[in-house]
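All residue numbers refer to positions in the sequence shown, counting from 1. Treat the numbers as computed from the prediction; the structure is a model and nothing was measured.
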Amino acid sequence: MYVRPAAAAAAAVLGFTLTLLGGTASYAAAGSGSGSGPGPLGLGGPVVYAHRGASAYAPENTLAAVDLAMRMGFEWVENDVQRTKDGELVVIHDDTLARTTDVEQLFPDRKPWKVKDFTAAEIARLDAGSWFGEEYAGASVPTLRQYLDRVQRNRQRLLLEIKKPELYPGIEEQTLRVLGEAGWLDARHVSQRLVVQSFSADSVRIVHGLRPDLVTAFLGTPPVADLPRYAEFTDRINPWHTTITADWVAAVHDLLGAHGRAMEVDTWIVDDAATARKVQEMGVDGIITNAPDVVREAVGGF
C-alpha cells in the first residue's frame, strides 16, 4: 500500500493544531451550509468554501473530500482543473502527480510525472487517497465530469479554478464545454451555483468574454490603483489572507464588477479561528479553507 508518511503525519498535526487554535475537528458542526448565489451576501457571516473539498480531513480534490464537505453541511466546494495528455480535464491541484498519488511507484521511469504527460486512463489507475490515510486507499483522481456530477448529486455549489492555463492552451473553452455538457451553464447554475476563477488574469478575461453571464474571480491582490481594470472582466478579487487590509477590502467593495454589482473578496487559505475572525473584521465576503468547520464555528459563516 502506498502511504507517504510525511503527508500522513502532516495531516495529523494539522488536526491537532486546529484544535489548539480554538477550532474543532468535529464533522458534526451545526449549520445548514446554505450559502447564497454570487453577489454580496452579508447575512450570517462570510460564506465558507471547502477548499479542494474538506481537505483537512480527506484527500484533496477527491470525491471523498466533496462528500465529506456535504456531510459536514457545506454547499460551496472549491476544485482545480488541469488537462491530460489525451485531452481529458481532471481535478488535481499540482501540475505533477507525485505529491498526491502513487505515480512514482506505478510509473517510476516517467519523472517528473506531469499531469500533461499522462493519459486519462493512466491517471485513472493511480491511488490518490493512500498518501492521506489508509482509509482512503484507492481513491482516484476524478475527471471534471465525474466531479461535476458528484457536486450536482450532493446539491453543492462550485468555485472552479482553472489551474496553470498557460500549460493548456484552450482550456477555458474546453472547461466551459464540459460545464455545459454536464448541465452547469443553465440560468440557475450560472446565477447561484458556479464561480470560475484563476490566477491568470488573461484566463479570467477569456472566460468572461466567452460567457459574460458567468461570475468570475481573479486570484491575487492587485494594487488598489489597478482594481478598476480588473472590474471590467471579473466580479471578485480573491487574495491570500496575509496580503490584505481592511482598507484594501473596502476599495474592492467600492467598485462595481463586470455584472454591475459591488465586487466581492473571498480570501484564502484560512484554517484557524483567530485568522478567520481577523479577516471577517476586515469585511471579506467569503473564506476559503481546508477546515470549513473550524472557520464556520469562528465566524458564523455558512
Minimum-distance pair of heavy atoms, taken over all atoms of [X] and [Y]:
X: Leu185; Y: Arg211; value: O-NH2, 3.3 Å
X: Thr119; Y: Thr84; value: C-CB, 4.1 Å
X: Ala231; Y: Met263; value: CB-SD, 3.5 Å
X: Val294; Y: Ala273; value: CG1-N, 3.9 Å
X: Val295; Y: Ala276; value: CG1-CB, 4.1 Å
X: Phe132; Y: Ala56; value: CZ-O, 3.5 Å

I'd like to know if the side chain of [X] and the backbone of [Y] have a donor-acceptor N/O pair within less than 3.5 Å.
X: Ser200; Y: Pro165; value: no
X: Asp127; Y: Ser130; value: yes
X: Asp235; Y: His259; value: yes
X: Glu135; Y: Ala58; value: no
X: Ser55; Y: Arg52; value: no
X: Glu161; Y: Ser198; value: no

Do the non-hydrogen side-chain atoms of [X] and [Y] ever get within less than 4.5 Å of each other?
X: Glu78; Y: Asp80; answer: yes
X: Val90; Y: Leu144; answer: no
X: Ile288; Y: Val48; answer: no
X: Val195; Y: Arg236; answer: yes
X: Pro222; Y: Ile237; answer: yes
X: Arg188; Y: Arg193; answer: yes
X: Leu176; Y: Leu214; answer: yes
X: Arg205; Y: Val207; answer: no

Legend entry - Short N-O contact, Asp95 and Lys164, less than 4.0 angstrom: yes
Legend entry - Charged N-O contact under 4.0 Å between Arg110 and Glu122: yes
Inset, instruction - Give the cluster check for Met70 versus Val66: same hydrophobic cluster or not, with ILVMFWY residues linked at side-chain heavy-atom distances below 4.5 Å. - result: no
Inset, instruction - Evaluate the ring planes of Trp268 and Phe199, with Trp represented by its six-membered ring, and classify them as parallel (under 30°), tilted (30 to 60°) or perpendicular (over 60°). - result: perpendicular
Inset, instruction - For the pair Phe233 and Tyr230, name the ring-plane relationship: parallel under 30°, tilted 30 to 60°, perpendicular over 60°. - result: tilted
Calculate, to the nearest 0.5 Å, the distance between atoms [atom1] and [atom2] belonging to [X] and [Y] respectively.
X: Phe74; Y: Arg157; atom1: CZ; atom2: CZ; answer: 14.0 Å
X: Gln156; Y: Leu148; atom1: CD; atom2: CG; answer: 11.5 Å
X: Leu256; Y: Glu232; atom1: CG; atom2: CD; answer: 12.5 Å
X: Met72; Y: Arg296; atom1: CE; atom2: CZ; answer: 6.5 Å
X: Arg150; Y: Leu63; atom1: CZ; atom2: CG; answer: 4.5 Å
X: Thr175; Y: Leu89; atom1: OG1; atom2: CG; answer: 5.0 Å

Legend entry - Candidates Arg153, Arg145, Gln146 - the one meeting side chain to side chain donor-acceptor pair (under 3.5 Å) with Asp149: Arg145
Inset, instruction - Show the numbers, then the answer: is there a side chain to side chain contact (heavy atoms under 4.5 Å, CB included) between Asn154 and Val151? - result: CA-CA 5 Å; Asn154 291 348; Val151 174; 5.8 Å; no
Please tell me whether [X] and [Y] have a donor and an acceptor in their side chains that are separated by less than 3.5 angstrom.
X: Thr289; Y: Asp271; value: yes
X: Asn238; Y: Gln197; value: yes
X: Tyr57; Y: Asp293; value: yes
X: Asn79; Y: Asn61; value: no
X: Asp94; Y: Thr96; value: no
X: Glu172; Y: Ser203; value: yes

By side chain to side chain donor-acceptor pair (under 3.5 Å), which residues pair with [X], not counting sequence neighbours?
X: Thr216; value: Thr234
X: His208; value: none
X: Lys278; value: none

Inset, instruction - Measure centre to centre between the rings of Trp184 and Tyr147, then say whether the value is under 6.0 Å. - result: no
Inset, instruction - Evaluate whether atom CZ of Arg229 has more than 12 neighbouring non-hydrogen atoms of other residues, nucleotides or ligands under 6.0 angstrom away. - result: yes
Inset, instruction - Can you sort out the partners of Asp186 under salt bridge (Lys or Arg N to Asp or Glu O under 4.0 Å), two or more places apart, ordered by chain and number? - result: none
Inset, instruction - Apply side chain to side chain contact (heavy atoms under 4.5 Å, CB included) to Thr143 and Val91, showing your working. - result: CA-CA 6 Å; Thr143 66; Val91 176; over 6 Å; no
Legend entry - Of all pairs that satisfy ring-ring contact (aromatic ring centres under 6.0 Å, His included), the ones with a partner from residues 92-113, not counting sequence neighbours: Phe107-Phe118
Legend entry - Of all pairs that satisfy ring-ring contact (aromatic ring centres under 6.0 Å, His included), the ones with a partner from residues 278-299, not counting sequence neighbours: none
Inset, instruction - Determine, step by step, whether Leu179 and Leu160 satisfy the side chain to side chain contact (heavy atoms under 4.5 Å, CB included) criterion, reporting the C-alpha distance in whole Å, the side-chain angles of both residues, the deciding distance to 0.1 Å, and the verdict. - result: CA-CA 10 Å; Leu179 284 166; Leu160 183 154; 4.2 Å; yes
Legend entry - side chain to side chain contact (heavy atoms under 4.5 Å, CB included) assessment of Arg99 paired with Glu60: CA-CA 11 Å; Arg99 180 175 64 87; Glu60 64 184 61; 2.7 Å; yes
Inset, instruction - Show your reasoning for whether side-chain hydrogen bond (donor to acceptor under 3.5 Å, both in side chains) applies to Asp285 and His253. - result: CA-CA 10 Å; Asp285 303 277; His253 287 160; 2.7 Å; yes
Inset, instruction - Cation-pi check, Arg83 to Tyr168: give yes when NZ or CZ is under 6.0 Å from the six-membered ring centre and within 45° of the ring axis, no otherwise. - result: no
